[in-house]
Amino acid sequence: KGLVMPSNLVKSLADDYEVSEKKIEKYWDEAKDAASESYKESDPEYWPTVTMITKRKVKKHLGSHSLKASVLNFLKECS
């Protein structure tokens, strides 16, 4: 379905949020589906909306895993 998420954006989000690239790509695909409900791929708002939705999904994912992330960060700092 349409364009694949740009690899530099996948890597950047995965690094920034410490989430797997596969998970980022899954959220990108879900975001494209959601954006398609309001926009056509050719609309100027489509891709910025896809990116915004993807980032929100990643942040929501992190919120549900924040304790785990906190513990892992603490252990990294201790080693």
Side-chain angles (χ1 to χ4, degrees):
K1 281 190 222 180
L3 285 174
V4 174
M5 185 176 194
S7 60
N8 61 332
L9 183 56
V10 172
K11 180 153 181 40
S12 174
L13 290 174
D15 290 347
D16 289 350
Y17 294 107
E18 297 181 348
V19 175
S20 73
E21 290 181 17
K22 185 172 183 143
K23 181 70 78 178
I24 298 290
E25 289 169 346
K26 175 184 179 272
Y27 291 149
W28 177 264
D29 289 338
E30 292 172 0
K32 286 194 307 184
D33 290 341
S36 293
E37 293 177 15
S38 299
Y39 302 105
K40 293 179 182 174
E41 200 171 302
S42 59
D43 291 337
E45 299 89 357
Y46 180 80
W47 292 110
T49 301
V50 170
T51 302
M52 177 191 65
I53 293 170
T54 301
K55 288 179 179 180
R56 285 183 179 171
K57 286 179 169 289
V58 171
K59 289 176 183 178
K60 185 176 179 183
H61 169 84
L62 288 177
S64 66
H65 294 86
S66 59
L67 178 58
K68 180 181 175 184
S70 296
V71 170
L72 291 175
N73 286 334
F74 175 76
L75 293 174
K76 278 185 196 176
E77 291 172 8
C78 292
S79 57

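Index from 1, following the sequence.
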Minimum heavy-atom separation for [X] to [Y], with atom names?
| X | Y | answer |
| --- | --- | --- |
| Ala35 | Val50 | CB-CG2, 3.6 Å |
| Ser20 | Ala14 | C-CB, 4.3 Å |
| Thr54 | Ala31 | OG1-CB, 3.4 Å |

- With Lys23, which residues qualify under salt bridge (charged side-chain N to carboxylate O under 4.0 Å, His left out), at least two apart?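 Testing Lys23 for salt bridge (charged side-chain N to carboxylate O under 4.0 Å, His left out), a comparison that skips the adjacent residues, returns none.
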- Message: So, using salt bridge (charged side-chain N to carboxylate O under 4.0 Å, His left out) as the criterion, who are the partners of Glu21 when residues are at least two apart?
- Response: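 Testing Glu21 for salt bridge (charged side-chain N to carboxylate O under 4.0 Å, His left out), a comparison that skips the adjacent residues, returns none.
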- Have a look at Arg56 and tell me which of Lys59, Lys60, Met52 forms a side-chain contact (heavy atoms from CB on, under 4.5 Å) with it.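 In the set Lys59, Lys60, Met52, the residue that makes a side-chain contact (heavy atoms from CB on, under 4.5 Å) with Arg56 is Met52.
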Taking only residues two or more places apart in sequence or in another chain, which ones pass side chain to side chain contact (heavy atoms under 4.5 Å, CB included) with [X]?
| X | result |
| --- | --- |
| Ser12 | Asp16 |
| Thr51 | Leu9, Trp28, Lys55 |
| Lys40 | Ser42, Asp43 |

- Query: Once you round to the nearest 0.5 Å, how far does CG of Asp15 lie from CD1 of Ile24?
  - Reply: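 So the gap between those two atoms works out to 9.5 Å.
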- Working to the nearest 0.5 Å, report the span between OG of Ser38 and OH of Tyr46.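 Reported value, rounded in 0.5 Å steps: 11.0 Å.
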- Item | Pair Tyr27, His61: side-chain N/O donor-acceptor within cut-off below 3.5 Å |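 Side-chain D/A pair, Tyr27 to His61: present.
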- Does Glu30 have any side-chain hydrogen bond (donor to acceptor under 3.5 Å, both in side chains) partners at least two apart in sequence or in another chain, and if so, which?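 Counting only residues at least two positions away or on another chain, Glu30 forms a side-chain hydrogen bond (donor to acceptor under 3.5 Å, both in side chains) with Lys26, Lys57.
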- hydrophobic_cluster_shared for Ile53 and Tyr39, side chain cutoff 4.5 Å: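 Looking at the clustering, Ile53 is in a separate group from Tyr39.
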